[in-house]
Amino acid sequence: MSDDQHAAAIRFIFEAGVLKRAARTGWWFAGVKHPETIAEHSHRTALIGMILAAMEGADPARVTMLCVLHDTQETRTTDLPHIAKRYLTAAPNTTITADQVADCPPAVTDTITAAVTEYEAGETLEAIVARDADKLECLVQAVEYHHQGIDNVQRWIDSSRAALKTNSAHHLADAALTGQPLAWLTPTPKPAELTPRL
């Protein structure tokens with residue numbers, strides 16, 4: 001590997017850092033002044049993907065990688081809300097990824113390109129699960145915003161739920177819609193220990 005390839009790899013790493021500052025802009029329409037960043041969304045999407053993969057019998061490591069990479073192109077396009085897509089035509093994510101990693105070490109280029117291509121095609125079990133994780137994360141975020149007093153989130157819940165494919169994602173969506181975002185702060189009561197009879 002050449003120094004130029006190492007430099008290209010670190011450029012991609014620096015570029016990915018932009019996602020830590022770039023907002024998920026669609027939430028502005030719901031009245032969220034400071035929505036989560038693309039990186040924050042991608043982090044929880046990866047966690048959800050790992051969980052869904054375990055539940056659906058997919059490869060958790062592969063799903064997690066697809067989830068981590070699924071929005072990396074937004075360093076160059078930003079997070080275009082759905083309304084913008086009526087008027088703008090963005091380059092395909094596979095094209096953007098190819099540009100982002102073109103000069104990286106070949107193994108890096110091949111790994112990232114293959115993962116993004118798989119995610120975008122949406123045909124493998126891992127890609128289906130990863131795409132469900134993306135939609136489920138949006139639904140969970142909408143539920144959290146609703147509990148924080150943002151009322152205009154139902155369209156995000158409805159569209160995310162309608163896009164889910166796997167049974168596990170549907171079950172988790174139902175649990176999210178009936179659950180409380182801060183329920184984890186209260187310990188689950190443990191069953192009383194049985195006292196042996198004498």
Side-chain angles (χ1 to χ4, degrees), residues 1-29 32-54 58-82 84-85 88-142 144-145 156 160 163 169:
M1 284 180 267
S2 69
D3 288 345
D4 288 344
Q5 290 173 331
H6 288 110
I10 203 66
R11 280 197 304 272
F12 180 66
I13 292 168
F14 280 134
E15 181 176 342
V18 171
L19 300 175
K20 296 196 292 183
R21 301 183 296 277
R24 298 257 296 160
T25 58
W27 294 117
W28 289 333
F29 297 104
V32 180
K33 289 182 182 178
H34 304 289
E36 83 277 17
T37 67
I38 296 165
E40 289 167 334
H41 161 71
S42 294
H43 174 266
R44 189 159 61 178
T45 297
L47 180 65
I48 292 170
M50 180 182 61
I51 291 167
L52 281 177
D59 178 350
R62 184 74 181 172
V63 170
T64 301
M65 182 170 71
L66 299 184
C67 291
V68 166
L69 293 169
H70 85 283
D71 279 341
T72 50
Q73 307 79 17
E74 292 181 4
T75 58
R76 299 191 179 198
T77 63
T78 71
D79 176 45
L80 293 174
H82 285 290
K85 293 176 183 177
L88 302 173
T89 303
N93 283 344
T94 50
T95 300
I96 298 169
T97 297
D99 287 347
Q100 289 174 311
V101 299
D103 298 323
C104 290
V108 173
T109 300
D110 293 347
T111 298
I112 293 173
T113 300
V116 171
T117 300
E118 180 181 353
Y119 179 87
E120 293 299 322
E123 295 172 354
T124 65
L125 177 59
E126 284 71 23
I128 291 166
V129 169
R131 291 165 81 89
D132 268 8
D134 176 40
K135 297 303 181 186
L136 186 56
E137 201 288 326
C138 185
L139 183 147
V140 168
Q141 186 63 65
E144 288 175 333
Y145 283 146
W156 283 267
S160 296

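Partners of Ala53 by side-chain contact (heavy atoms from CB on, under 4.5 Å), not counting sequence neighbours, listed by chain and number: Ala58, Pro60, Val63, Val129. The side-chain contact (heavy atoms from CB on, under 4.5 Å) check on Ile128 picks up Lys165, Thr166, with sequence neighbours excluded. The side chain to side chain donor-acceptor pair (under 3.5 Å) check on Glu137 picks up His41, Arg44, with sequence neighbours excluded.
Under the 4.0 Å criterion applied to side-chain N and carboxylate O atoms, Arg76 and Glu15 are assigned as salt-bridge partners.
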Would you give me the side-chain donor-acceptor pairs under 3.5 Å for residues 3-13, sequence neighbours excluded?
unit_1: Gln5; atom_1: OE1; unit_2: Ser2; atom_2: N; d: 3.0
unit_1: His6; atom_1: ND1; unit_2: Ser2; atom_2: O; d: 3.0

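Note: Asp59 CG to Leu125 CG = 9.5 Å, rounded to the nearest 0.5 Å. Between His70 atom NE2 and Ile38 atom CD1 the span is 9.0 Å, to the nearest 0.5 Å. Here Lys85 contributes atom NZ and His82 contributes atom NE2; the two are 5.0 Å apart, rounded to the nearest 0.5 Å. The CG atom of Asp79 sits 4.0 Å away from atom OG1 of Thr25, with the distance rounded to the nearest 0.5 Å. The structure places SG of Cys138 at 5.5 Å from CZ of Arg24, a figure rounded to the nearest 0.5 Å. We find the CZ-OG1 distance between Arg131 and Thr45 to be 12.5 Å, quoted to the nearest 0.5 Å.
Across Pro35 and Trp28, no two heavy atoms sit closer than the pair CD-NE1, 3.2 Å. Between Lys135 and Ala163, the shortest heavy-atom distance links the atoms CG-CB, 3.8 Å. Nearest heavy-atom pair, Leu66 versus Ala115, reported as atom, atom and distance to 0.1 Å: CD2-O, 3.1 Å.
Applying the side chain to side chain donor-acceptor pair (under 3.5 Å) test to residues at least two apart or on different chains, none of the pairs has a partner in residues 103-114. The side chain to side chain donor-acceptor pair (under 3.5 Å) analysis of residues 89-98, with sequence neighbours excluded, yields the pairs Gln73-Thr97, Asn93-Glu120.
By the 4.5 Å heavy-atom criterion applied to side chains, Glu36 and Tyr145 are counted as neighbours. Between Leu47 and Met50 there is a side-chain heavy-atom pair separated by less than 4.5 Å. Between Thr77 and Ile96 there is a side-chain heavy-atom pair separated by less than 4.5 Å. In this structure, Thr75 and Leu19 have side chains that are in contact, with non-hydrogen atoms separated by less than 4.5 Å.
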